[in-house]
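Report on one structure; see the data block that follows.
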Amino acid sequence: MIKKMRYININNKSEVASFREATLKGLGSKKGLFVPEDIPTLPADFFNRITSMNDHEIAVEVLKPYLINDIGLEDLERIVKHTFSFQIPVKHLIGNTHVLELFHGPTNAFKDVGARFMSQCLSLFTTTNKKSTVLVATSGDTGSAVANGFAGVENVDVKILFPKGKISTYQEYQMTSLGGNIHPIEVNGTFDDCQALVKTAFSDEELRNRLLLSSANSINVARFLPQMVYYFLLYKQVHDNLKGARLVVSVPSGNFGNLTAGLYAKEMGLPISKFIAANNENDTFYSYLKSGKYLAKNSVETCSNAMDVGDPSNFTRILKLFGNHSSITDNILPGRVSNEDTIGTIREVFSKHGYILDPHGAVGYKVLQDCLKDNEMGVFLATAHPLKFKDVVEEAIGEFDSPNVSLEGCSKVIINNDYGQLMEVLMS
Ligand SMILES: *Cc1c(COP(=O)(O)O)cnc(C)c1O
C-alpha cells in the first residue's frame, strides 16, 4: 500500500491538495507552486533491473507514487503509453559527450511530454457537465505542444494567446491548423501583453465562477512530474557504458521546470552526479549560483528565446528541495552562453561533427564542454529540433533542408491587447 501523496503550496503550508486538485488549480494561493510533500525513493533493485524494463514500465514505476490515489493503474498505463509514444534516444557525439534528443514528439520540443500527459489527466478529472477551459499565453513552444497535446481531448477547451509577428510560421502552423477544441488567439501586442491578459483572466472572480479555468504552463504538477521520466530513460541507455564514470547532465533552462524534474529524479535515487544549469544571457539563476543572491531581472531577447526568462518560476521549487545555497551548488553547476557563442557553437559542431544543434541545445552543449572532466560521462538535453528555429540555425550553417508549411486553411481569432475583447472570445 502506497502512502497517500499530498501536495503542499510552497507559499501557504496550510493549503494541501491531492494530485487531482493541484492539477486543476495549477497555481495555489499567494501565487505558490505545489510540491509533493515528500519525494519517494526507488529501491536499489529498480536500478539493477532498469535495462531490462521497457520505457512504459519505467514511467509507471516512477510516477505511480505521486498520483496513484487519483489515477488508477490501468489509466496510468494508458496515459503513459499515450505520452511516451515517440523515441527519446541518447546519441554519442564526441569523446565522453552525448545528447539526449527530446525533440521527436509531434511538435518537436520536449514540452510534448508534459503537454500530452497533462491533457490526459485533465480529461480524466473533468466531465461533460463541467468542462474545463485551458488558458495559456505562449511565446511559441508551449502553445504548439499544448495545442497538439490537447487536440481532440474530451471535456477540455483550449485558448492559446500568442503575440502577432513574434512566433515562427512553423509554430503558428502548429497552433492554428488543428481546429476542433483548439482556439488560437493572435494578440496585437507582445508576449508580455499576452501573459498579462491571462493573469487578469485568472484573477477575474466572475469569469472563474462561469468557467472552470486551468493553466497549462510548467508550474502545473501534471506537466512537471512526467518530465522526470526521461532522465530515467537516459540512464537506462547509458548504463552499460558508464563503467564507473560519473554522470553529468546539462539542461538548457528558462523557467527551470525541466531541470527541477531532473533534480527530483536524482532525489528518487537516480545516480546523476551533477547537473549543469545552462543559461543564455538571461542569467538570473547563473548569478544566484555564483553569488548566493537571487535577483529577478527583466528578460532580454536572445536566439534561444524559449529560455528568455528573467524570473524563473521553478526557482522556489529548487530552493524548497535543498533548503539553502550551498546544497544547491553541491548539485548544480553554473553555465552561461552569450548569443554570439550560441551561434558559433552551432556552426562549430556542424562543421566538425556534422550534427545540427538548435540554439537551446547549443547552449546545453557549450556549457557541458566547459565543465566536463575526463572521468565523467556528459549528456546534454537537446530540447527542440533545429527545424523549429530555422532562421537562427541557417544564420550559423547556411540553408538546410526543411519542409515548407503553409498557413492556408488555418484559422485564428485576432484581438487587440484588450481584456474586454478577450472576455468576448472566452465566453463565446
Ligand atoms: C521551454 C523550453 C526550454 C526551457 O525549459 P524550462 O523547463 O522552462 O527551463 C528550453 N528549450 C526549449 C526548446 C523550450 O521550448
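Hydrogens, waters and symmetry mates play no part in the numbers below; they use all other heavy atoms, side chains included. When a ligand or atom number is given, it counts from 1 through the structure's own listing order.
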What I want to find out is whether D330 reaches K274 closely enough, with some N-O distance under 4.0 Å, to be called a salt bridge. no

Per-atom contacts of ligand 1 with G257, taking only distances under 4.0 Å to non-hydrogen atoms: 6 (P), 7 (O), 9 (O)

Under a 3.5 Å distance rule, please check whether N314 uses its side chain to pair with a backbone N or O of R317 as donor and acceptor. no

Under 3.5 Å, is there a donor-acceptor pair linking the side chains of D311 and Y294? yes

Does only the side chain of N258 get under 4.0 Å from ligand 1, or the backbone, or both, or neither? Count heavy atoms. both

More than 12 foreign heavy atoms under 6.0 Å from NZ of K81: is that the case here? no

In the protein, which heavy atom is nearest to atom 11 (N) of ligand 1, and how far is it? T383 OG1, 2.8 Å

Enumerate the atoms of ligand 1 whose separation from the nearest heavy atom of D141 is less than 4.0 angstrom. 12 (C), 13 (C), 14 (C), 15 (O)

Which residue and atom name correspond to the protein heavy atom nearest atom 14 (C) of ligand 1, and how close is it? K111 NZ, 2.9 Å

Quick test: of every protein heavy atom, which one is nearest to atom 8 (O) of ligand 1, and how far off is it to 0.1 Å? N255 N, 2.8 Å

Kindly indicate, with the supporting measurements, whether the criterion ring-ring contact (aromatic ring centres under 6.0 Å, His included) is fulfilled by F389 and H360. CA-CA 9 Å; F389 299 90; H360 307 79; 4.6 Å; yes

Check against side chain to side chain contact (heavy atoms under 4.5 Å, CB included), F224 and F34: CA-CA 11 Å; F224 154 71; F34 286 107; over 6 Å; no

Which residue holds the protein heavy atom closest to atom 3 (C) of ligand 1, what is that atom called, and what is the gap in Å? F110 CE2, 3.6 Å

Quick one: does F256 get an N or O within less than 3.5 Å of an N or O on ligand 1? yes

Using heavy atoms and a threshold below 4.0 Å, how should the contact between M307 and ligand 1 be classified: side chain, backbone, both, or neither? side chain

Distance alone, cut at 3.5 Å: any donor-acceptor contact between the side chains of E15 and S29? yes

Which residue and atom name correspond to the protein heavy atom nearest atom 4 (C) of ligand 1, and how close is it? G254 N, 3.6 Å

